[in-house]
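To start, the structure itself, in structure tokens.
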Amino acid sequence: MTEPRKLFIKTYGCQMNVYDSERMAEAMGASGYVTTDTPESADMILLNTCHIREKAAEKVYSELGRLKPLKDLNPELKIGIAGCVAQAEGAEIMRRAPVVDLVVGPQTYHRLPAMEAAVRAGERPVDTEFPSEDKFEHLPKGPRAGRGVAAFLTVQEGCDKFCAFCVVPYTRGAEVSRPAERILREARDLVARGVREITLLGQNVNGYHGEGMDGRDWSLARLVRELAEIEDLWRIRYTTSHPNDMTDDLIAAHGEVDKLMPYLHLPVQSGSDKILKAMNRKHTAAHYLAVLERLRDVRPDLAVSGDFIVGFPGEDDADFEATLDLVRAVGYHSAFSFKYSARPGTPAAERPVLPDVILNARLHRLQAVITQQQRMVQESMVGRDVTVLFEKAARMPGQMVGKSDYLHAVHVTDDALAPGMLRRVRITESMTNSLNGVLL
Ligand code: 5AD
Ligand code: SF4
């Protein structure tokens, strides 16, 4: 018997890429590949790339430089570029990087096995189509590989919002929602494999409007209510959302569906109405705050996280101060902040950029405010009792780590614990990026 070929996948960027990488591994598994943890042992390396900021995109070329010597050691090794850089710059990658054997975009990776065969026959295929067929329907069916207690599930892809800074509408294409029935089937398969927590993924997930089982369009709230009926599914989350799609029924679901966790990632990007307008966000800072207020009316303990961009073209000191004010007003559990990065092909890329010293200074100030806020929120958890879904062994002997309802990482040392257990925990200590606790 010949040894199976080995596949190494390196994933960059968002959670949807993490999900896609798993599905790529399954697709290649059907043609005899097993996954491996080291590029040195691989016969095929896939880089699943991110194009969201310039820094993310540049990583591809530096990684290819590092991988090149492996090809000299193993002439059988093939290298593929997948994901959003593949979508945006496929032809250029092929020109610039002769080590690359194939390029596959986010909508066509179900064709990977055929592309791999073409590569072995001496071709260098590029496939960055937005095909009419649904990739999910052409991926291996049946229960997905056992992957622990928490899993991602893509329900919606692409974006029609066209924020002026963002490449997503170009790399992931127009908004498409998967039919509810297929999502429910995939969720049941995951649960049959031991998954207890599912995070529904979409670039604009609360804009979900897939075909329902009654032939009508279902909202995300409707989908969540249906998923909540799956008995051994204990927790549901979703990400990423847009403030304008926080509909009445979704807000109501946060108050009514116990399995819907009290955590929401709701990016706002800026606290200045002038900048929000220039970003084509189509909402004001006041609207964003009003949405959060309505959510907190039905779910007072809701933990909120967000994304911010500093130094968007035209942002002056007052605009930036407005962002700091908004952060102080919200009280984020966590927030991500980025320096504006001009992306080719987006409307904002034509506008004059601010000096890097200003971007650096603003990023630094914003992150200081966010870090302080995060720390205060975390420290306020000490002495409180939370529910933790334990996922895996942690670094210390006998220690397990899991997530609270609010997505805090919680460490507990107790022999009675195993992955997949849902337990009440009293928080005893706040560490830099996690909490410690004891079983109740
Ligand atoms: N520059 C900087 N940050 C960006 N993001 C998206 N596009 C850009 C860009 N061109 C950030 C936004 C988004 C997160 C995923 O990445 O904050 O919410
Ligand atoms: Fe990056 Fe956006 Fe692609 Fe995710 S969808 S990998 S964030 S460019």
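Every number for a ligand or one of its atoms is a count from 1 in the order of the listing.
Near Gln269, meaning under 4.0 Å from any of its heavy atoms, are these atoms of ligand 1: 12 (C), 13 (C), 17 (O), 18 (O).
An N or O contact shorter than 3.5 Å links Ser341 to ligand 1 by distance. At least one N or O atom of Phe165 sits closer than 3.5 Å to an N or O atom of ligand 1. Polar contact with ligand 1: absent for Arg343 (N/O pair, distance under 3.5 Å).
For the side chain to side chain contact (heavy atoms under 4.5 Å, CB included) with Val195, the qualifying choice from Asp189, Leu190, Asp232 is Leu190, the only one to do so.
Within the 4.0 Å heavy-atom criterion, the part of Lys339 lying near ligand 1 is the backbone and not the side chain. The proximity of Phe338 to ligand 1, defined as any non-hydrogen pair under 4.0 Å, is limited to the side chain.
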What pairs of donor and acceptor atoms, side-chain ones from residues 302-310 against any protein atom, are under 3.5 angstrom apart with sequence neighbours left out?
| from | atom 1 | to | atom 2 | distance (Å) |
| --- | --- | --- | --- | --- |
| Ser305 | OG | Tyr263 | OH | 3.2 |
| Ser305 | OG | His265 | ND1 | 2.6 |
| Asp307 | OD1 | His265 | NE2 | 3.3 |
| Asp307 | OD2 | His265 | NE2 | 3.3 |

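In this structure, the side-chain contact (heavy atoms from CB on, under 4.5 Å) partners of Lys274, at least two apart in sequence or on a different chain, are Ser272, Asp316, Asp319.
There is a side-chain donor-acceptor pair under 3.5 Å between Tyr33 and Glu116. Donor-acceptor pairing under 3.5 Å is recorded for the side chains of Gln378 and Ser430.
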